[in-house]
Amino acid sequence: MSTYRTMTSAASPADIPDTVIPRDSLSPTAGWYLLTVSRLSSRGDRQVRTGELADRLAISPASATEMAGTLADDGLLEYEKYAGLETTARGTEIAESLAWRQCVVTSFFDRLLAYEIDARTAYRIGYTVPEDGIHRLQERIDEPRIEACQRLRGDDDECLVATRVES
């Protein structure tokens with residue numbers, strides 16, 4: 001299973017084009033679920049149980065199971081009932097793009113506006129803003145805010161903004 005560690009060491013988020021997010025078929029909510037599965041599974045390189053996903057998103061287990069099935073049907077998750085979820089290669093690519101966008105927005109708000117934006121709002125903005133807009137936000141971040149990205153993930157993985165700025 002791929003993790004953020006694998007992505008940051010093997011490829012740059014600069015290699016992930018905006019078109020990787022299939023906005024015509026991936027709703028903001030589905031993307032949030034996918035991103036959450038990716039983050040949970042990256043903490044120990046393991047499958048995520050639907051109950052754990054439901055707890056993290058504060059939703060019913062039935063809603064988590066339903067969305068897991070939808071994302072599996074779309075080829076973004078591998079879902080085995082009673083075993084758990086993990087992202088496919090395509091799902092990981094999309095989740096990493098969404099994470100990078102969220103991190104750029106968080107860093108922008110943190111650095112330039114001195115405002116600690118919450119993860120869900122940063123995600124929504126990152127999902128909505130076109131790639132050119134995300135790049136323009138990133139250009140204004142003269143120094144990546146690694147602690148802002150870590151605040152989103154709650155871990156010590158590399159900052160996706162830092163990786164992309166160095167590219």
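- Looking at Thr88, its side chain does come within 3.5 Å of a backbone N or O of Gly75 through a donor-acceptor pair.
- Of the inter-residue distances, the one linking Arg111 atom CZ with Arg140 atom CZ reads 14.5 Å to the nearest 0.5 angstrom.
- Considering every non-hydrogen atom in both Leu35 and Ala99, the closest pair reads CD1-CB, 3.7 Å.
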- Task: Apply side-chain contact (heavy atoms from CB on, under 4.5 Å) to Arg90 and Ile94, showing your working.
- Result: CA-CA 6 Å; Arg90 177 84 173 125; Ile94 292 169; 3.9 Å; yes
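- Leu26 is listed as a side-chain neighbour of Leu71, based on a closest heavy-atom distance under 4.5 Å.
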- Query: Under the side-chain contact (heavy atoms from CB on, under 4.5 Å) criterion, do Ile125 and Ile117 qualify, and how do the steps go?
  - Reply: CA-CA 11 Å; Ile125 293 169; Ile117 192 170; 3.8 Å; yes
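- Here the side chains of Pro61 and Thr50 are not in contact, with every heavy-atom distance at 4.5 Å or above.
- With hydrogens and angles disregarded, no donor-acceptor distance shorter than 3.5 Å links the side chain of Tyr79 to the backbone of Thr65.
- Interatomic distance, Leu85 CG to Gln47 CD, rounded to the nearest 0.5 Å: 7.5 Å.
- Under the side-chain contact (heavy atoms from CB on, under 4.5 Å) criterion, Thr36 pairs with Trp32, Leu40, Leu53, Arg56, Leu57, not counting sequence neighbours.
- Residues Tyr82 and Arg49 come closest through the heavy atom pair O-NH1, 2.7 Å.
- Of the possible donor and acceptor atoms, one in the side chain of Ser107 sits under 3.5 Å from a partner among the backbone N and O of Cys103.
- Counting heavy atoms from C-beta outward, Leu77 and Thr70 have side chains that stay 4.5 Å or more apart.
- Looking at residues two or more places apart in sequence or on another chain, you find a side-chain contact (heavy atoms from CB on, under 4.5 Å) between Thr29 and Ser27, Tyr33, Met67, Arg120.
- No donor-acceptor pair closer than 3.5 Å links the side chain of Ser97 to the backbone N or O of Glu93.
- The residues Arg136 and Glu139 are annotated as not salt-bridged, no charged nitrogen and carboxylate oxygen being separated by less than 4.0 angstrom.
- For the atom pair OH of Tyr127 and CG of Leu98, the computed distance is 8.0 Å after rounding to the nearest 0.5 Å.
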